[in-house]
Amino acid sequence: MKNYPWLINTYNDIVNYYKSKYKKNIILISSTIDLGINILSYNIGKWILCTNKKKINYCNQCNNCILMKKKNNPNYYKIIINNKKEKINKKKINPIFHKIYNLIKNNYKQVIFIKEIEYLKKYINNTFIDHLIKSKKNTYFILNTHNLINIKKQINNKFTIWKITNPNKKICINWIQKKTQIKKKKCLIAFKLAEKSPLKALNILNKKYWKNRKQLEIKLIKILNIKNKLDLLINFNSFDNIEIIKWICVILMDAIKWKYKVYDIIINDDQYKLIKTLSKKLSVFSIYKSIKIWIKCINSFEINTVNKKSILIKSILNWEKFLLKKI
């Protein structure tokens, strides 16, 4: 069974829940960060449909398991609406709901998986929920969300909710090390920069990201020490990854932590020289304004129609004010 090690206990708990007398046919799996809950949902769906289960494991040999592996099981229906930029309206939603209602009428055991249900928030009304709750016993709904707060009012206590937070750090670091063959300290920094998402940490550990991070560290120390005109535009390509921009925000937060001597919660603990320099040269107000500039830049990137290059240049130039003078 392919499952991420930090999700094994959750998988076991959910499967045991389905084996109990008091199960509901709708579960909602929630995590605020990328922990691989889509794989978890797939494995649970596969177990439900398996006709030759071995306790908490699916057999991988029955017809349903084979069809699941081929992504061609007619009793497993997947609904994905996960594009923030996509305009979702009734014209697009109604066929999806119609399909769900038709599936519910079917007498076969079936699983309906809805990924990132928060995008349907506007359309999750009482009628929709009632249809799910009143569906046949052999119809199972597995819903996923990364934004539970956004839909809590609609779902109330009608679904069984499984919240997955703070995966076991030791398990995650061991998994990252095994995947990357990189030293533990570097894996730990990436894990913290990725907000405790081991999957996101893998992207952060790529060579290009780490090289850009180092280049910006050297450049920033030089600028802050000699108080020369901001020269970051020369390193423009170093900013091409949104994760690098997020790193700038984190390093600025680390500088505030240094000011208040809370060293044990510093994330970039391989960049103390830069953190100390930022903390010494900039006031808390300047650091706060700098963070605000970069958060605005990140938010602008979410808009499909903006020119990212011009937004980035503007952000770099605005940052100059707070790097070159103490306010």
Restricting to non-hydrogen atoms, name the atom on [X] and the atom on [Y] that form the minimum distance, rounded to 0.1 Å.
{"X": "L148", "Y": "L28", "value": "CD1-CD2, 3.6 Å"}
{"X": "I265", "Y": "D254", "value": "O-OD1, 4.4 Å"}
{"X": "W294", "Y": "S315", "value": "CZ3-CB, 3.6 Å"}
{"X": "C50", "Y": "C59", "value": "SG-N, 3.3 Å"}

For Y42, the option from W47, F113, Y76 that meets side-chain contact (heavy atoms from CB on, under 4.5 Å):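 So the option named by the test is Y76.
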
Member of K70, M68, K69 meeting the side-chain contact (heavy atoms from CB on, under 4.5 Å) criterion with I66: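 Single side-chain contact (heavy atoms from CB on, under 4.5 Å) partner of I66 among K70, M68, K69: K70.
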
How many angstroms lie between atom [atom1] of [X] and atom [atom2] of [Y], to the nearest 0.5 angstrom?
{"X": "I164", "Y": "L35", "atom1": "CD1", "atom2": "CG", "answer": "6.5 Å"}
{"X": "I275", "Y": "I251", "atom1": "CD1", "atom2": "CD1", "answer": "4.0 Å"}
{"X": "N52", "Y": "C62", "atom1": "CG", "atom2": "SG", "answer": "6.5 Å"}
{"X": "L224", "Y": "S279", "atom1": "CG", "atom2": "OG", "answer": "11.0 Å"}
{"X": "N144", "Y": "L40", "atom1": "CG", "atom2": "CG", "answer": "7.5 Å"}
{"X": "I293", "Y": "Y288", "atom1": "CD1", "atom2": "OH", "answer": "11.0 Å"}

Pair N60-K46, side-chain donor/acceptor within less than 3.5 Å: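 Their side chains do contain a donor-acceptor pair, which is all the 3.5 Å distance test asks for.
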
Residue pairs involving residues 165-207 (criterion ring-ring contact (aromatic ring centres under 6.0 Å, His included); sequence neighbours excluded):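 Checked against ring-ring contact (aromatic ring centres under 6.0 Å, His included) - neighbours excluded - the pairs reaching residues 165-207 are Y4-W175, W6-W175.
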
From CA spacing to verdict: side chain to side chain donor-acceptor pair (under 3.5 Å), D269, Y263: CA-CA 9 Å; D269 56 8; Y263 309 121; over 6 Å; no

Check: [Y] and [X] side chains under 4.5 Å, non-hydrogen atoms:
{"X": "K55", "Y": "V15", "value": "no"}
{"X": "L49", "Y": "V111", "value": "yes"}
{"X": "R213", "Y": "D270", "value": "yes"}

Centroid-centroid distance, Y17 to W162, less than 6.0 Å: yes

Qualifying side chain to side chain donor-acceptor pair (under 3.5 Å) pairs with a residue from residues 183-192, counting only residues at least two apart or across chains: none

Flag, side chain of S197 to backbone of I33, donor-acceptor distance under 3.5 Å: no

Donor-acceptor contact present, side-chain K257 to main-chain V262, <3.5 Å: no

K200, NZ: over 12 other non-hydrogen atoms inside 6.0 angstrom: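 Correct, the count exceeds 12.
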
